[in-house]
Amino acid sequence: MTEQSKRIAVTGGAGYIGSHTTVELLEAGFEVLIIDSFANAEDDVPDRVAAIVGRGAEVERLDITDGPALGRALAAFKPDAVIHFAGLKAVGEAVAEPLDYYRVNVGGSVTLFREMAETGCNRLVFSSSATVYGDPEQVPIPEGHPLRPTNPYGQSKRMVEQIVEDWGRANPALAAVNLRYFNPAGAHPSARIGEAPQGVPNNLMPYLTQVAVGWREKLSVFGDDYDTPDGTGVRDYIHVVDLAEAHLAALALTAAGPGVHAINVGTGQGYSVLDMVRAFETASGQQIPYVITDRRPGDIATSLADPSLAEQVLKWRARRGLDEMCQDAWAWQRGRNR
Ligand code: UD1
């Protein structure tokens with residue numbers, strides 16, 4: 001690797017997946033610039049990342065919708081590649097405030113890509129989501145499955161993927177990977193970084209950890225009448241450190257040559273909500289009280305990755321299992337409760 005190819009800008013680098021990816025990048029010897037508005041991240045995340053690795057990233061506190069500030073930051077850092085996580089991610093909020101979601105997720109991405117083009121940066125890894133598939137016609141889901149997102153959050157991810165593809169057609173030097181994440185879970189084994197949602201968690205794993213630690217009384221299981229083995233929703237949970245490692249593999253792919261790829265990042269293994277409750281009870285030694293409630297509008301029965309393209313093209317596969325996800329999430333949550 002040349003000096004130049006070691007410089008990576010990470011938008012949203014103080015967030016949940018961004019901070020774990022920054023740790024892996026620093027540990028692999030990359031120089032990292034975190035670009036984050038800290039709208040949904042704690043101020044000391046970069047310090048905690050530095051404490052894990054023994055050296056830190058540079059930090060620019062700015063919003064990706066602020067083109068001039070972003071342009072100055074990229075011109076000064078001269079990244080060889082950008083990993084783009086920054087965005088809004090709450091599905092319910094996206095339904096209520098679609099214009100904000102399109103402004104930040106789509107508008108912010110276009111602003112970023114324009115500034116990358118300005119500085120001559122042609123390598124991108126984009127944080128997409130399995131939500132682009134909508135209600136799947138088949139599981140496991142291959143990348144060629146139709147894209148039919150069912151809410152503005154998912155639409156914003158699909159639109160950005162489309163923009164990246166169109167940019168690639170116009171700019172044959174572009175090397176980009178749209179990574180479609182399934183359900184990230186767990187935390188760094190150091191317990192220094194992890195998921196820290198503001199307010200009531202929308203997602204299952206952070207809700208479970210908050211029940212286990214006593215912050216919330218009980219879990220609501222959203223429906224037990226799905227067409228799944230125990231009637232509760234089945235998902236493909238992936239350890240956030242495995243997911244972070246997939247970004248380094250995607251970066252390597254962008255270094256290998258131009259082209260735009262869309263690749264699932266999942267394990268191919270599904271667990272139901274009740275499987276998750278039991279696994280978390282074992283990891284935490286705590287009983288998790290739960291009640292069965294109505295289905296959550298917009299939820300699907302089963303979401304499961306076909307991870308074979310990632311294995312072929314990225315030479316990557318998830319290595320950490322459900323027990324590790326639960327143990328690491330629990331250690332992180334307990335650390336915050338002290
Ligand atoms: C959700 C988002 C998806 C996003 C993903 C990120 C929705 C509809 N979808 O997916 O767009 O990409 O998070 O990780 O919000 N569950 C409960 N009780 C809870 C919370 C969840 O029973 O308090 C169940 C859900 O019904 C589902 C499973 O747990 O079966 C996982 O839910 P969640 O963690 O919210 O993820 P997704 O719905 O897959």
Side-chain angles (χ1 to χ4, degrees), residues 12 15-18 20 40 85 87-96 98 101 105 126-136 139 141 147-158 160-161 178-187 194-195 197 199-212 215-240 242-243 264-267 270-280 288-305 322 325-326 329:
Y16 173 43
I17 306 169
H20 288 80
N40 190 23
F85 294 102
L88 304 175
K89 61 168 189 176
V91 174
E93 191 182 68
V95 174
Y101 272 66
N105 291 7
F126 172 60
S127 169
S128 188
S129 168
T131 198
V132 296
Y133 296 119
D135 196 351
V139 287
I141 309 173
L147 305 184
R148 282 192 294 251
T150 56
N151 60 65
Y153 164 72
Q155 289 290 5
S156 76
K157 292 291 179 188
R158 188 192 61 79
V160 175
E161 285 200 15
N178 294 318
L179 290 180
R180 296 176 179 160
Y181 313 150
F182 281 70
N183 289 61
E195 192 168 12
V200 182
N202 295 309
N203 297 118
L204 177 62
M205 260 310 238
Y207 205 103
L208 268 179
T209 64
Q210 293 192 6
V211 173
W215 291 8
R216 304 197 183 273
E217 193 191 335
K218 57 180 183 290
L219 174 75
S220 296
V221 176
F222 298 146
D224 67 351
D225 56 353
Y226 285 103
D227 183 15
T228 60
D230 67 17
T232 67
V234 169
R235 295 292 183 274
D236 185 334
Y237 296 92
I238 173 163
H239 196 296
V240 64
D242 279 324
L243 181 52
N264 287 340
V265 187
T267 69
Y271 294 103
S272 74
V273 178
L274 296 180
D275 289 336
M276 297 301 284
V277 169
R278 280 188 290 269
F280 207 82
I288 314 265
Y290 68 84
V291 286
I292 309 287
T293 65
D294 288 346
R295 292 182 177 193
R296 179 170 63 181
D299 268 359
I300 58 179
T302 303
S303 167
L304 212 52
L322 182 58
M325 288 178 226
C326 293

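First listed ligand is number 1; within each ligand, the first listed atom is number 1.
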In sequence, state the C-alpha distance, the side-chain angles, and the governing distance for Asn202 and Lys89, and then conclude on side chain to side chain contact (heavy atoms under 4.5 Å, CB included). CA-CA 10 Å; Asn202 295 309; Lys89 61 168 189 176; over 6 Å; no
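- For ligand 1, the atoms closer than 4.0 angstrom to any heavy atom of Tyr237 are 28 (C), 31 (C).
- Near Ser220, meaning under 4.0 Å from one of its heavy atoms, ligand 1 places the atoms 17 (C), 18 (N), 19 (C), 22 (O), 23 (O).
- Between Met205 and ligand 1, no pair of N/O atoms sits closer than 3.5 Å.
- The distance from ligand 1 to the heavy atoms of Asn183 drops below 4.0 Å at these ligand atoms: 36 (O), 37 (P), 39 (O).
- With a 4.0 Å heavy-atom cut-off, ligand 1 is reached by no atom of Tyr271.
- Tyr101 has its side chain out of reach of Gln155: every pair of non-hydrogen atoms, C-beta onward, lies at least 4.5 Å apart.
- Proximity of Pro289 to Val211: side-chain heavy atoms (C-beta onward) are separated by under 4.5 Å at one or more points.
- If you look at Arg296 next to ligand 1, the close heavy atoms, those under 4.0 Å, all belong to the side chain.
- For the pair Gly199 and Arg216, the tightest heavy-atom approach, listed with the atom from each and the gap, is O-NH2, 3.5 Å.
- Among all protein heavy atoms, the one lying closest to atom 12 (O) of ligand 1 is Ser129 OG, 3.1 Å.
- Residues Glu161 and Leu147 meet the side-chain proximity criterion, which asks for heavy atoms closer than 4.5 Å.
- Shown in contact with Asp299 at under 4.0 Å from a heavy atom are these atoms of ligand 1, numbered in order with element: 8 (C), 25 (C), 26 (O), 38 (O).
- Residue contacts with ligand 1, taken as heavy atom pairs separated by less than 4.0 Å, involve Thr131 solely via side-chain atoms from C-beta onward.
- Protein heavy atom in closest approach to atom 34 (O) of ligand 1: Leu204 N, 2.8 Å.
- With distances taken over non-hydrogen atoms, the option nearest atom 29 (O) of ligand 1 out of Thr232, Asp236, Val234, Val273 is Val273.
- Where the criterion is an N or O separation shorter than 3.5 Å, residue side chain and backbone included, Phe222 meets it with respect to ligand 1.
- Heavy atoms of Asn202 found under 4.0 angstrom from ligand 1 belong exclusively to the backbone.
- Each of the following atoms of ligand 1 lies closer than 4.0 Å to a heavy atom of Tyr153: 11 (O), 12 (O).
- Residues Tyr237 and Leu204 have side chains in contact (heavy-atom distance under 4.5 Å, counting atoms from C-beta outward).
- Distances below 4.0 Å separate heavy atoms of Val221 from the following atoms of ligand 1: 22 (O).
- Taking distance alone, with nitrogen or oxygen atoms compared against 3.5 Å, Asn151 stays at or beyond that limit from ligand 1.
- Of all protein heavy atoms, the one lying nearest to atom 39 (O) of ligand 1 is Arg235 NE, 2.5 Å.
- The shortest distance between side-chain heavy atoms of Ile141 and Phe182 falls below 4.5 Å.
- Residue contacts with ligand 1 for Val91 involve side-chain atoms from C-beta outward but no N, CA, C or O (heavy atoms, distance under 4.0 Å).
- Gln210 has its side chain out of reach of Val200: every pair of non-hydrogen atoms, C-beta onward, lies at least 4.5 Å apart.
- With a 6.0 Å radius and a threshold of 12 heavy atoms from other residues, nucleotides or ligands, Tyr290 has its OH atom at or below the threshold.
- Contact annotation: the side chain of Thr131 never approaches that of Val91 to less than 4.5 Å [non-hydrogen atoms, C-beta and beyond].
- A tilted orientation is assigned to the rings of Tyr181 and Phe85, their planes being inclined by 30° to 60°.
- Counting heavy atoms closer than 4.0 Å to ligand 1, residue Ser303 contributes nothing at all.
- For atom 1 (C) of ligand 1, the closest heavy atom belonging to the protein is Asn203 ND2, 3.5 Å.
- Not a single donor-acceptor pair under 3.5 Å links the side chain of Arg180 to the backbone N or O of Gly266.
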